[in-house]
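Structure, as structure tokens:
Note that ligands are numbered from 1 as they come in the structure, with each ligand's atoms numbered from 1 the same way.
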Amino acid sequence: MVFKALMVAWLAFLSSLTSAQLPLNAIYRTDFNSSFTFSASQIQAGQLDSVLIKSLENNINFDRSQLAFGGPREDDFYRLPSLTNETGPLQPGQLLKVQAFTDQTAYSIPPNTALSRIIYTTTNFNGTVVPASAFILWPYTPRQFRSQSHLAHSNKSKSNVTKRAPVVIWAHGTSGFFAPQSPSSHRALWYDDSAPFPLAEAGYAVFAPDFAGLGIGNSWDGSEIPHQYHASPATAHDSLYGLRAALTAFPDKLGQDFVAMGHSQGGGVAWAIAEALAEEKDEFADLLPGYKGAIAASPTTDVFGSPERSFLAAVVGQMLHSIFPTFGLGQWLTPLGVARVKLAKDLELGVGPIVELLLSGNDILRPDWNETWFADTFSRLCNAGHKDFEGPLLVLQGTDDHYVPYSITTKTVEETWSRHPDHDLEYVVAQGVGHVPDLHATKSIWLRWIDDRLAGKPLNKRGSARTDLESLLPIEQYLSYDNTFQAWAGLPQYQYQVPLAV
Ligand SMILES: *[C@@H]1O[C@H](CO)[C@@H](O)[C@H](O)[C@H]1NC(C)=O
Ligand SMILES: *[C@@H]1O[C@H](CO)[C@@H](O)[C@H](O)[C@H]1NC(C)=O
Ligand SMILES: *[C@@H]1O[C@H](CO)[C@@H](O)[C@H](O)[C@H]1NC(C)=O
Ligand SMILES: *[C@@H]1O[C@H](CO)[C@@H](O)[C@H](O)[C@H]1NC(C)=O
Ligand SMILES: *[C@@H]1O[C@H](CO)[C@@H](O)[C@H](O)[C@H]1NC(C)=O
Ligand SMILES: *[C@@H]1O[C@H](CO)[C@@H](O)[C@H](O)[C@H]1NC(C)=O
């Protein structure tokens with residue numbers, strides 16, 4: 001019976017395809033359109049053995065197959081519009097390009113969501129204006145609240161109001177370090193079901209900056225735009241200037257009200273957004289009235305406190321000269337580490353291959369790496385936490401988080417509570433939960449929190465508050481990690497893998 005029902009559904013689906021000739025089902029291959037192999041000089045430079053070569057090539061080809069339209073280096077969208085004299089001197093938050101309709105056929109996003117992308121200006125850590133990209137994932141129907149601030153002018157007839165969607169800024173966690181690793185070019189928008197998909201399905205317009213350096217890798221003069229990884233004040237600016245540009249691009253579709261949310265690197269960004277809105281009230285006076293709060297999930301508040309110190313030193317170090325011009329990567333890494341980082345940069349490798357390249361074999365970190373002032377100064381300038389912030393702030397953390405340890409977040413939260421006892425900061429701790437899985441464990445809580453803030457409801461807990469969550473069943477019964485990825489099956493010859501497509 002089930003089989004018959006499936007066949008009926010399948011036939012209905014096939015007949016819905018408009019192509020006159022159906023392609024035959026094809027065997028799905030994860031390397032379906034990438035065939036990278038290392039050159040002899042790359043193998044020598046990175047001191048790669050045959051086992052590592054094979055594994056890396058597989059990983060790199062998989063990564064590249066996850067890029068919609070071949071990614072930023074191939075997709076025309078990411079080509080910078082040329083500056084004319086009419087553009088005038090560039091200000092941050094300026095809209096440079098709008099792709100109102102992004103063809104979704106190369107993406108694996110939920111049905112009845114839609115995608116737009118923009119290019120806009122932001123500033124790097126030291127204040128230079130640079131271009132950056134972002135996506136907007138649209139809901140089918142916007143979440144509606146009794147407050148009318150997200151509704152456009154009612155055009156006389158009350159039954160004929162133009163709906164605008166309330167916004168959630170989505171600040172992504174580590175997607176990579178180079179231009180191709182922009183979430184806006186990843187088929188599943190990098191965080192898929194962990195946050196942007198459920199947010200759009202709940203009726204929010206998800207505004208997601210790629211963060212400068214991801215997506216657009218070079219400025220107008222051709223100079224490199226390094227992604228200033230973990231420089232949370234800079235990435236917070238990317239988010240807020242990006243929102244300003246998005247509101248310019250879609251004034252009748254985006255409401256003024258927003259919540260900022262992020263995870264991991266982006267958790268630090270969401271927290272830094274709350275800090276920027278307290279510190280730079282004049283700069284963001286246009287956005288402040290719409291701000292309803294921030295959610296920092298597994299936030300990075302002590303970057304080098306992570307157990308993955310070697311990796312962090314390498315990927316922060318590879319861009320650090322853009323903040324501290326006297327810094328050289330050889331001050332932190334061994335010669336092999338420097339050579340491998342250079343190879344990763346030349347090939348613009350994604351997170352998976354970089355982890356493998358940097359962490360297989362010998363430790364690449366020099367034992368005396370932290371005897372210079374760079375690590376301390378970077379941490380002091382760039383870590384989120386401790387400072388004054390515009391609340392309310394919800395911090396989410398799992399106790400079994402390897403990358404952003406529970407002990408570190410707890411320390412930052414407690415110190416922030418003691419410095420700002422009059423601010424609203426709720427700390428929600430999920431027992432036995434890991435890094436990204438925390439977003440899944442607490443999904444009903446953060447969706448409800450966003451809803452309540454945008455509806456203008458009072459907070460359940462004011463001031464410094466802690467909430468502890470435990471699993472309903474014994475924690476050993478739960479799947480503790482994600483073993484599923486959004487596999488793109490967009491071409492008709494692969495559609496047999498999507499029995500519930502239509
Ligand atoms: C991979 O497929 C996309 C279509 O989604 C295409 O635009 C891109 O050029 C292809 N990349 C390679 C390396 O073949
Ligand atoms: C732009 O302005 C500069 C300086 O005022 C001028 O030299 C140049 O000819 C102008 N370019 C165009 C295309 O108008
Ligand atoms: C009324 O609606 C039309 C069509 O949606 C729109 O073009 C127009 O700008 C609206 N007028 C006002 C005052 O909002
Ligand atoms: C809504 O407004 C538009 C533009 O003014 C108009 O074309 C349309 O007929 C209106 N619909 C209803 C249900 O009043
Ligand atoms: C950027 O700012 C930092 C902190 O103020 C400063 O130490 C550094 O010299 C600046 N770098 C550049 C390139 O201006
Ligand atoms: C420097 O880093 C090492 C690990 O690489 C750590 O054991 C040591 O405590 C650090 N020293 C300082 C002063 O932070």
Side-chain angles (χ1 to χ4, degrees), residues 89-92 121-132 177 211-213 216-238 240-241 268-269 272 275-276 278-280 283 300-338 340-341 345 354-355 357-388 402-405 407-409 411-412 415:
L90 286 174
Q91 299 294 319
T121 51
T122 178
T123 48
N124 68 12
F125 182 82
N126 288 75
T128 302
V129 175
V130 291
F177 316 99
F211 303 144
I216 297 176
N218 300 86
S219 199
W220 286 276
D221 60 1
S223 62
E224 187 198 353
I225 303 174
H227 170 44
Q228 295 180 322
Y229 184 58
H230 280 318
S232 58
T235 36
H237 283 160
D238 298 345
L240 290 169
Y241 288 131
V269 177
E275 292 172 343
E279 165 87 18
E280 301 167 85
E283 184 65 24
T300 45
T301 62
D302 178 4
V303 169
F304 297 118
S306 165
E308 298 300 339
R309 207 168 282 117
S310 300
F311 180 73
L312 284 159
V315 292
V316 169
Q318 59 85 24
M319 66 78 196
L320 204 55
H321 67 279
S322 72
I323 296 177
F324 306 125
T326 57
F327 178 78
L329 195 53
Q331 291 171 271
W332 281 5
L333 302 192
T334 62
L336 177 66
V338 173
R340 289 195 168 175
V341 167
K345 204 167 171 168
I354 287 199
V355 167
L357 182 63
L358 298 183
L359 300 187
S360 63
N362 297 335
D363 195 356
I364 53 168
L365 196 59
R366 281 171 55 146
D368 61 349
W369 77 284
N370 48 9
E371 283 170 18
T372 54
W373 59 272
F374 293 111
D376 277 350
T377 310
F378 179 80
S379 302
R380 193 167 38 75
L381 292 172
C382 295
N383 280 336
H386 299 106
K387 302 184 196 87
D388 187 17
H402 172 74
Y403 299 97
V404 176
S407 58
I408 288 182
T409 305
K411 185 162 176 275
T412 308
E415 286 168 6

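Glu415 places no side-chain N or O within 3.5 Å of a backbone atom of Thr412 that could act as its donor or acceptor partner. Side-chain atoms of Ser310 do not come within 3.5 Å of backbone N or O of Leu365 as any donor-acceptor pair. At least one donor-acceptor pair closer than 3.5 Å links the side chain of Thr377 to the backbone N or O of Trp373. Side chain of Thr235 to main chain of Ser232: a donor-acceptor pair is present (N/O by atom type, distance under 3.5 Å, no hydrogens or angles). Using a distance-only test at 3.5 Å, with no hydrogens or angles considered, no donor-acceptor pair links the side chain of Asp302 to the main chain of Asn383.
Ligand 5 places these atoms under 4.0 Å from at least one heavy atom of Asn126: 1 (C), 2 (O), 3 (C), 8 (C), 10 (C), 11 (N), 12 (C), 14 (O). Interface of Leu381 with ligand 5, defined as ligand atoms under 4.0 Å from a residue heavy atom, comprises 4 (C). Atoms of ligand 5 lying under 4.0 Å from at least one heavy atom of Phe324, given by number and element, are 7 (O).
Given atom 13 (C) of ligand 5, the protein heavy atom at minimum distance is Pro325 CG, 3.6 Å. Distance from atom 9 (O) of ligand 5 to its nearest protein heavy atom, with residue and atom name: Ile323 O, 4.0 Å.
Here the shortest heavy-atom distance to atom 8 (C) of ligand 6, taken over Leu365, Asn370, Asp376, Asp363, belongs to Asn370.
Note: no N/O pair closer than 3.5 Å links Ser322 and ligand 5 by distance alone.
Between Phe211 and His227, the ring planes lie parallel to each other; the angle is under 30°, not in the 30° to 60° tilted range. Taking the six-membered ring where the residue is Trp, Phe324 and Phe374 present tilted rings, their angle falling between 30° and 60°.
For atom 5 (O) of ligand 6, a protein heavy-atom neighbour is found at a distance under 4.0 Å.
Using a 4.0 Å cutoff on heavy atoms, Trp369 counts as a contact of ligand 6.
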